[in-house]
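Notes follow once the structure below has been shown.
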Amino acid sequence: MPESGPAIFIDAEDDGKVLHRRLAAVVNHYGTTFKDIIEGGLHLLSLTGLDPVLAATTRSGRIEPTSRYKQLLEAAGDIRPKMIGIASSANVYAGSEIDRSQVQQFIDLLTALAQLANGALVLISHPSLTGIATDTGLSGNTQWHNAVRARFYMKGVKPEADEQPDSDLREIVFKKNNYGPISDSVVLRYQNGLFLPVPGVASLDRLAREAKAEEVFLDLLRRFTAENRYVSSSLGPTYAPALFAREDTARKAGVNSTSLAAAMRHLFETGKIYNEPHGKASRKRFHLAVKS
(Lines give C-alpha, C1' and ligand atoms only; values in the text may rest on other atoms or scores of the structure.)
Protein backbone atom coordinates (compact mmCIF):
# COMPACT_ATOMS: atom_id res chain seq x y z
CA MET A 1 0.00 0.00 0.00
CA PRO A 2 1.20 3.56 -0.63
CA GLU A 3 2.89 5.13 2.37
CA SER A 4 1.52 8.35 3.84
CA GLY A 5 3.80 11.35 3.76
CA PRO A 6 4.75 14.53 1.91
CA ALA A 7 4.26 14.81 -1.84
CA ILE A 8 5.42 17.19 -4.57
CA PHE A 9 3.38 17.70 -7.73
CA ILE A 10 4.70 19.92 -10.53
CA ASP A 11 2.33 20.83 -13.35
CA ALA A 12 3.68 22.64 -16.39
CA GLU A 13 0.41 22.38 -18.34
CA ASP A 14 -2.21 24.08 -16.13
CA ASP A 15 -2.13 27.27 -14.09
CA GLY A 16 -2.74 27.65 -10.37
CA LYS A 17 -6.48 28.32 -10.73
CA VAL A 18 -7.02 25.06 -12.58
CA LEU A 19 -4.97 23.12 -10.03
CA HIS A 20 -6.92 24.72 -7.18
CA ARG A 21 -10.23 23.74 -8.78
CA ARG A 22 -9.10 20.16 -9.31
CA LEU A 23 -7.72 19.91 -5.81
CA ALA A 24 -11.03 21.21 -4.43
CA ALA A 25 -12.74 18.17 -5.95
CA VAL A 26 -10.23 15.90 -4.17
CA VAL A 27 -10.75 17.74 -0.88
CA ASN A 28 -14.53 17.45 -1.13
CA HIS A 29 -14.40 13.76 -2.05
CA TYR A 30 -12.27 12.80 0.94
CA GLY A 31 -14.01 15.15 3.37
CA THR A 32 -10.86 17.05 4.29
CA THR A 33 -9.68 20.66 4.00
CA PHE A 34 -6.97 22.57 2.17
CA LYS A 35 -5.38 23.28 5.53
CA ASP A 36 -5.20 19.56 6.32
CA ILE A 37 -3.52 18.61 3.06
CA ILE A 38 -1.04 21.47 3.30
CA GLU A 39 -0.14 20.48 6.84
CA GLY A 40 0.06 16.88 5.64
CA GLY A 41 2.86 17.85 3.27
CA LEU A 42 1.36 18.47 -0.16
CA HIS A 43 3.49 20.82 -2.26
CA LEU A 44 1.73 21.88 -5.46
CA LEU A 45 3.51 24.02 -8.06
CA SER A 46 2.35 25.34 -11.43
CA LEU A 47 5.11 26.24 -13.88
CA THR A 48 2.77 27.57 -16.58
CA GLY A 49 4.29 30.70 -18.05
CA LEU A 50 7.67 29.90 -16.50
CA ASP A 51 10.59 27.84 -17.76
CA PRO A 52 9.72 24.27 -16.66
CA VAL A 53 12.60 22.45 -18.40
CA LEU A 54 14.45 20.07 -16.09
CA ALA A 55 16.98 18.80 -18.61
CA ALA A 56 18.26 19.92 -22.02
CA THR A 57 20.86 18.89 -24.56
CA THR A 58 24.34 20.39 -24.78
CA ARG A 59 26.22 21.03 -28.02
CA SER A 60 27.85 17.63 -27.61
CA GLY A 61 24.43 15.96 -27.46
CA ARG A 62 24.53 15.12 -23.78
CA ILE A 63 21.61 15.73 -21.42
CA GLU A 64 22.41 18.18 -18.65
CA PRO A 65 20.25 19.25 -15.68
CA THR A 66 18.95 22.81 -15.61
CA SER A 67 18.66 25.22 -12.71
CA ARG A 68 15.01 24.14 -12.40
CA TYR A 69 16.15 20.54 -11.90
CA LYS A 70 18.63 21.63 -9.23
CA GLN A 71 15.82 23.49 -7.47
CA LEU A 72 13.69 20.32 -7.50
CA LEU A 73 16.65 18.22 -6.35
CA GLU A 74 17.14 20.50 -3.35
CA ALA A 75 13.42 20.34 -2.53
CA ALA A 76 13.46 16.53 -2.74
CA GLY A 77 16.33 16.41 -0.27
CA ASP A 78 14.67 18.82 2.16
CA ILE A 79 11.08 17.53 1.98
CA ARG A 80 11.80 13.82 1.36
CA PRO A 81 8.47 13.31 -0.43
CA LYS A 82 6.97 9.85 -0.70
CA MET A 83 5.91 10.74 -4.23
CA ILE A 84 6.96 13.29 -6.84
CA GLY A 85 4.57 13.83 -9.74
CA ILE A 86 5.58 15.71 -12.89
CA ALA A 87 3.30 16.74 -15.76
CA SER A 88 4.39 16.34 -18.41
CA SER A 89 7.46 14.96 -20.17
CA ALA A 90 6.95 17.19 -23.22
CA ASN A 91 7.17 20.28 -20.99
CA VAL A 92 10.13 19.33 -18.80
CA TYR A 93 12.35 17.40 -21.23
CA ALA A 94 14.10 19.42 -23.96
CA GLY A 95 15.97 16.51 -25.51
CA SER A 96 14.98 14.19 -28.34
CA GLU A 97 12.28 11.70 -27.40
CA ILE A 98 13.51 9.31 -30.11
CA ASP A 99 17.17 9.30 -29.02
CA ARG A 100 17.61 6.28 -26.73
CA SER A 101 20.76 7.61 -25.06
CA GLN A 102 19.24 11.00 -24.30
CA VAL A 103 16.04 9.45 -22.95
CA GLN A 104 18.11 7.17 -20.68
CA GLN A 105 20.12 10.11 -19.37
CA PHE A 106 16.94 12.01 -18.57
CA ILE A 107 15.41 9.04 -16.74
CA ASP A 108 18.66 8.71 -14.79
CA LEU A 109 18.22 12.29 -13.57
CA LEU A 110 14.67 11.54 -12.45
CA THR A 111 15.87 8.36 -10.73
CA ALA A 112 18.34 10.47 -8.75
CA LEU A 113 15.42 12.56 -7.47
CA ALA A 114 13.53 9.46 -6.34
CA GLN A 115 16.60 7.98 -4.66
CA LEU A 116 17.37 11.18 -2.80
CA ALA A 117 13.78 11.42 -1.57
CA ASN A 118 13.63 7.67 -0.90
CA GLY A 119 10.25 7.67 -2.62
CA ALA A 120 8.60 7.26 -6.00
CA LEU A 121 8.54 9.56 -9.00
CA VAL A 122 5.72 9.51 -11.56
CA LEU A 123 6.34 11.19 -14.91
CA ILE A 124 3.18 11.84 -16.90
CA SER A 125 3.47 11.61 -20.69
CA HIS A 126 1.04 11.84 -23.58
CA PRO A 127 0.99 9.00 -26.12
CA SER A 128 1.63 9.56 -29.80
CA LEU A 129 -0.93 8.58 -32.45
CA THR A 130 1.15 5.43 -33.02
CA GLY A 131 1.16 4.73 -29.28
CA ILE A 132 -2.63 5.00 -29.23
CA ALA A 133 -3.07 2.83 -32.32
CA THR A 134 -0.73 0.10 -31.03
CA ASP A 135 -2.10 0.36 -27.46
CA THR A 136 1.42 0.79 -26.05
CA GLY A 137 0.68 4.28 -24.77
CA LEU A 138 4.19 5.38 -25.76
CA SER A 139 5.57 8.36 -27.63
CA GLY A 140 9.10 8.20 -28.96
CA ASN A 141 11.33 5.14 -28.67
CA THR A 142 11.03 2.08 -26.44
CA GLN A 143 13.58 3.42 -23.95
CA TRP A 144 10.73 5.33 -22.28
CA HIS A 145 9.44 1.86 -21.40
CA ASN A 146 12.76 0.08 -20.82
CA ALA A 147 14.37 2.71 -18.58
CA VAL A 148 11.60 2.94 -15.97
CA ARG A 149 10.79 0.37 -13.31
CA ALA A 150 7.01 0.49 -13.80
CA ARG A 151 4.61 1.98 -16.33
CA PHE A 152 0.85 2.30 -16.66
CA TYR A 153 -1.40 3.74 -19.35
CA MET A 154 -4.78 5.44 -18.91
CA LYS A 155 -6.98 5.19 -21.98
CA GLY A 156 -10.58 5.32 -23.10
CA VAL A 157 -12.78 2.23 -22.79
CA LYS A 158 -13.98 0.79 -26.08
CA PRO A 159 -17.68 -0.17 -25.99
CA GLU A 160 -18.90 -3.65 -26.83
CA ALA A 161 -20.40 -4.11 -30.28
CA ASP A 162 -23.94 -3.72 -28.90
CA GLU A 163 -23.23 -0.84 -26.51
CA GLN A 164 -23.17 2.95 -26.74
CA PRO A 165 -19.78 4.64 -26.07
CA ASP A 166 -19.34 6.14 -22.61
CA SER A 167 -17.02 9.17 -22.72
CA ASP A 168 -16.76 9.28 -18.92
CA LEU A 169 -15.06 5.87 -18.65
CA ARG A 170 -11.30 5.33 -18.57
CA GLU A 171 -9.13 2.29 -17.95
CA ILE A 172 -5.71 2.14 -16.30
CA VAL A 173 -3.73 -0.67 -17.90
CA PHE A 174 -0.47 -1.71 -16.25
CA LYS A 175 2.28 -2.28 -18.81
CA LYS A 176 5.30 -3.02 -16.62
CA ASN A 177 6.28 -3.72 -13.02
CA ASN A 178 9.82 -4.78 -12.15
CA TYR A 179 8.99 -5.23 -8.45
CA GLY A 180 6.00 -7.56 -8.62
CA PRO A 181 3.29 -9.07 -10.79
CA ILE A 182 1.40 -6.97 -13.32
CA SER A 183 -1.79 -5.75 -11.65
CA ASP A 184 -5.29 -6.10 -13.05
CA SER A 185 -6.60 -3.14 -15.01
CA VAL A 186 -8.63 -0.53 -13.13
CA VAL A 187 -11.75 0.99 -14.70
CA LEU A 188 -12.52 4.60 -13.74
CA ARG A 189 -15.50 6.88 -14.21
CA TYR A 190 -15.30 10.67 -14.29
CA GLN A 191 -17.67 12.17 -11.73
CA ASN A 192 -17.62 15.33 -9.62
CA GLY A 193 -14.28 16.38 -11.06
CA LEU A 194 -12.48 13.10 -10.33
CA PHE A 195 -11.71 9.80 -12.03
CA LEU A 196 -12.93 7.25 -9.47
CA PRO A 197 -12.74 3.42 -9.58
CA VAL A 198 -15.94 1.83 -10.85
CA PRO A 199 -17.42 -0.41 -8.11
CA GLY A 200 -17.44 -4.06 -9.07
CA VAL A 201 -14.61 -3.83 -11.62
CA ALA A 202 -11.60 -4.28 -9.33
CA SER A 203 -10.34 -7.87 -9.01
CA LEU A 204 -11.38 -8.05 -5.36
CA ASP A 205 -15.00 -7.57 -6.44
CA ARG A 206 -14.92 -10.06 -9.31
CA LEU A 207 -17.08 -12.66 -7.59
CA ALA A 208 -19.71 -10.08 -6.71
CA ARG A 209 -19.70 -8.81 -10.29
CA GLU A 210 -20.12 -12.31 -11.70
CA ALA A 211 -22.97 -13.03 -9.31
CA LYS A 212 -24.67 -9.80 -10.34
CA ALA A 213 -24.34 -10.69 -14.03
CA GLU A 214 -25.97 -14.07 -13.39
CA GLU A 215 -28.80 -12.44 -11.43
CA VAL A 216 -29.44 -9.96 -14.25
CA PHE A 217 -29.31 -12.76 -16.85
CA LEU A 218 -31.88 -14.87 -15.00
CA ASP A 219 -34.20 -11.90 -14.37
CA LEU A 220 -34.16 -10.89 -18.02
CA LEU A 221 -34.59 -14.46 -19.22
CA ARG A 222 -37.69 -14.87 -17.05
CA ARG A 223 -39.08 -11.59 -18.35
CA PHE A 224 -38.41 -12.38 -22.00
CA THR A 225 -39.97 -15.83 -21.57
CA ALA A 226 -43.09 -14.32 -20.00
CA GLU A 227 -43.34 -11.99 -23.00
CA ASN A 228 -42.92 -14.92 -25.44
CA ARG A 229 -39.66 -13.45 -26.70
CA TYR A 230 -37.45 -16.48 -27.22
CA VAL A 231 -33.67 -16.06 -26.93
CA SER A 232 -30.92 -18.54 -27.67
CA SER A 233 -27.38 -19.43 -26.65
CA SER A 234 -26.18 -19.38 -30.27
CA LEU A 235 -24.79 -16.34 -32.04
CA GLY A 236 -27.43 -14.67 -34.17
CA PRO A 237 -30.37 -12.27 -34.01
CA THR A 238 -31.73 -13.94 -30.84
CA TYR A 239 -28.40 -14.29 -29.02
CA ALA A 240 -29.33 -13.73 -25.38
CA PRO A 241 -26.23 -11.84 -24.07
CA ALA A 242 -26.43 -9.31 -26.92
CA LEU A 243 -30.16 -8.72 -26.50
CA PHE A 244 -29.98 -8.54 -22.71
CA ALA A 245 -27.09 -6.02 -22.78
CA ARG A 246 -29.38 -3.52 -24.53
CA GLU A 247 -31.92 -3.59 -21.72
CA ASP A 248 -32.02 -0.84 -19.09
CA THR A 249 -31.79 -3.48 -16.36
CA ALA A 250 -28.35 -4.55 -17.61
CA ARG A 251 -27.12 -1.02 -18.24
CA LYS A 252 -28.10 0.19 -14.77
CA ALA A 253 -26.30 -2.80 -13.27
CA GLY A 254 -23.17 -2.06 -15.31
CA VAL A 255 -23.29 -5.46 -17.01
CA ASN A 256 -22.20 -5.77 -20.65
CA SER A 257 -22.62 -8.54 -23.22
CA THR A 258 -19.24 -10.10 -22.40
CA SER A 259 -20.17 -10.45 -18.72
CA LEU A 260 -23.60 -11.81 -19.66
CA ALA A 261 -22.04 -14.38 -21.99
CA ALA A 262 -19.79 -15.58 -19.15
CA ALA A 263 -22.81 -15.68 -16.84
CA MET A 264 -24.74 -17.78 -19.38
CA ARG A 265 -21.92 -20.32 -19.61
CA HIS A 266 -21.76 -20.63 -15.83
CA LEU A 267 -25.55 -20.96 -15.54
CA PHE A 268 -25.41 -23.84 -18.02
CA GLU A 269 -22.62 -25.47 -16.01
CA THR A 270 -24.59 -25.20 -12.76
CA GLY A 271 -27.79 -26.46 -14.38
CA LYS A 272 -29.82 -23.31 -13.76
CA ILE A 273 -30.73 -22.83 -17.42
CA TYR A 274 -31.21 -25.23 -20.33
CA ASN A 275 -32.21 -25.34 -23.99
CA GLU A 276 -35.90 -26.09 -24.33
CA PRO A 277 -37.21 -27.36 -27.71
CA HIS A 278 -40.07 -25.69 -29.54
CA GLY A 279 -41.68 -25.89 -32.97
CA LYS A 280 -42.50 -28.86 -35.14
CA ALA A 281 -40.71 -32.14 -34.60
CA SER A 282 -39.43 -32.01 -38.17
CA ARG A 283 -37.85 -28.60 -37.61
CA LYS A 284 -37.13 -28.58 -33.92
CA ARG A 285 -35.60 -25.40 -32.49
CA PHE A 286 -34.35 -24.49 -29.05
CA HIS A 287 -34.69 -21.50 -26.79
CA LEU A 288 -33.23 -20.71 -23.39
CA ALA A 289 -35.32 -21.45 -20.32
CA VAL A 290 -34.86 -21.26 -16.55
CA LYS A 291 -35.01 -24.57 -14.70
CA SER A 292 -37.82 -24.65 -12.17
Side-chain angles (χ1 to χ4, degrees), residues 5-23 26 37-38 41-132 134 136-155 172 175-176 178 195:
I8 297 175
F9 187 80
I10 297 174
D11 196 323
E13 296 184 322
D14 294 306
D15 62 25
K17 292 181 180 179
V18 175
L19 298 186
H20 188 276
R21 185 171 68 248
R22 290 177 176 170
L23 190 57
V26 176
I37 59 177
I38 292 171
L42 177 62
H43 298 264
L44 197 61
L45 177 64
S46 171
L47 294 179
T48 303
L50 303 174
D51 183 4
V53 175
L54 299 178
T57 54
T58 63
R59 291 183 179 180
S60 63
R62 288 190 56 81
I63 295 295
E64 293 291 340
T66 64
S67 58
R68 182 71 69 187
Y69 174 87
K70 295 173 183 177
Q71 180 185 16
L72 179 56
L73 184 69
E74 183 178 351
D78 292 340
I79 299 170
R80 295 297 177 97
K82 295 297 182 183
M83 198 278 283
I84 301 172
I86 301 175
S88 69
S89 60
N91 301 88
V92 301
Y93 172 60
S96 170
E97 70 170 11
I98 62 173
D99 187 308
R100 294 174 66 87
S101 176
Q102 290 186 9
V103 170
Q104 182 62 61
Q105 292 174 58
F106 178 58
I107 297 298
D108 287 343
L109 289 174
L110 299 184
T111 301
L113 290 171
Q115 290 176 335
L116 177 61
N118 193 27
L121 187 145
V122 177
L123 175 67
I124 299 172
S125 300
H126 298 291
S128 65
L129 291 177
T130 301
I132 295 173
T134 58
T136 62
L138 289 172
S139 179
N141 65 69
T142 55
Q143 200 61 22
W144 290 105
H145 175 87
N146 298 335
V148 297
R149 301 302 87 194
R151 188 171 71 86
F152 55 91
Y153 173 36
M154 190 168 82
K155 61 179 185 176
I172 295 179
K175 297 292 188 179
K176 179 180 181 181
N178 279 17
F195 281 105

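Keep in mind the model is a prediction, meaning the values are calculated, not measured. Quick note: numbers below take in every heavy atom, side chains included, and nothing from hydrogens, waters or symmetry partners.
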> Taking everything shown except Asn118 itself, do over 12 heavy atoms lie less than 6.0 Å from its CG?
Replying inline: no
> Looking at CD1 of Ile8 and CG of Leu45, how far apart are the two atoms once the value is rounded to the nearest 0.5 Å?
Replying inline: 9.0 Å
> Of all residues at least two apart in sequence or in a different chain, which pass the ring pair (Phe, Tyr, Trp, His ring centres under 6.0 Å) check with Phe106?
Replying inline: Tyr93
Please tabulate, for the side chains in residues 72-86, all donor-acceptor contacts under 3.5 angstrom to protein atoms that are two or more places apart in sequence or on a different chain.
residue	atom	partner	partner atom	Å
Arg80	NE	Gly77	O	3.2
Arg80	NE	Leu116	O	3.3
Lys82	NZ	Glu3	OE1	3.1

> Do Trp144 and Ile107 have side chains that get closer than 4.5 Å, going by heavy atoms?
Replying inline: yes
>> Once salt bridge (charged side-chain N to carboxylate O under 4.0 Å, His left out) is applied, what residue pairs with a partner in residues 84-105 remain, sequence neighbours excluded?
In response: none
> If you draw a 6.0 Å radius around CG in Leu50, do more than 12 non-hydrogen atoms from other residues or ligands fall strictly inside?
Replying inline: yes
> What are the two closest non-hydrogen atoms of Tyr153 and Gly131, and how far apart are they?
Replying inline: OH-O, 4.3 Å
>> Looking at Phe152, I want to see if its CZ is surrounded by more than 12 non-hydrogen atoms of other residues, nucleotides or ligands under 6.0 Å.
In response: no
> Do Leu23 and Ile37 have side chains that get closer than 4.5 Å, going by heavy atoms?
Replying inline: yes
>> Looking at every non-hydrogen atom in both residues, tell me the closest pair between Pro127 and Ile132 and how far apart they are.
In response: CG-CG1, 3.8 Å
>> Atom CZ of residue position Arg62 - does it have more than 12 heavy atoms of other residues, nucleotides or ligands inside 6.0 Å?
In response: no
> If you take all heavy atoms of Leu121 and Leu110, which pair is closest and at what distance?
Replying inline: CD1-O, 3.8 Å
> When rounded to the nearest 0.5 angstrom, what is the spacing between CG in Leu54 and CD in Gln71?
Replying inline: 9.5 Å
> Distance from Ile38 atom CD1 to Leu44 atom CG, nearest 0.5 Å?
Replying inline: 9.5 Å
Without placing hydrogens or testing angles, list every side-chain donor-acceptor pair under 3.5 Å for residues 12-20, not counting sequence neighbours.
residue	atom	partner	partner atom	Å
Glu13	OE2	Ser88	OG	3.1
Glu13	OE2	His126	NE2	2.7
Asp14	OD2	Arg22	NH1	2.8
Asp15	OD1	Lys17	N	3.2
Asp15	OD1	Val18	N	3.0

> Which residues satisfy the ring pair (Phe, Tyr, Trp, His ring centres under 6.0 Å) test with His145, sequence neighbours excluded?
Replying inline: none
>> Return the CG to CZ distance between Leu47 and Arg68, rounded to the nearest 0.5 Å.
In response: 5.0 Å
> Considering all heavy atoms of both residues, which atom of Ile63 and which atom of Ala55 are nearest to each other, and what is their separation?
Replying inline: CG2-CB, 3.6 Å
> Closest heavy-atom contact between Met154 and Ile172?
Replying inline: CG-CG1, 4.0 Å
> Taking atom NZ of Lys176 as the centre, does the number of heavy atoms from other residues, nucleotides or ligands within less than 6.0 Å exceed 12?
Replying inline: yes
> What pairs with Ser101 under side-chain hydrogen bond (donor to acceptor under 3.5 Å, both in side chains), at least two apart in sequence or on another chain?
Replying inline: Gln105
> Which value, rounded to the nearest 0.5 Å, describes the distance between Lys70 atom NZ and Leu109 atom CG?
Replying inline: 11.0 Å
> Of the non-hydrogen atoms in Gln104 and Ala147, which two are nearest, and what is the gap between them?
Replying inline: OE1-CB, 3.4 Å
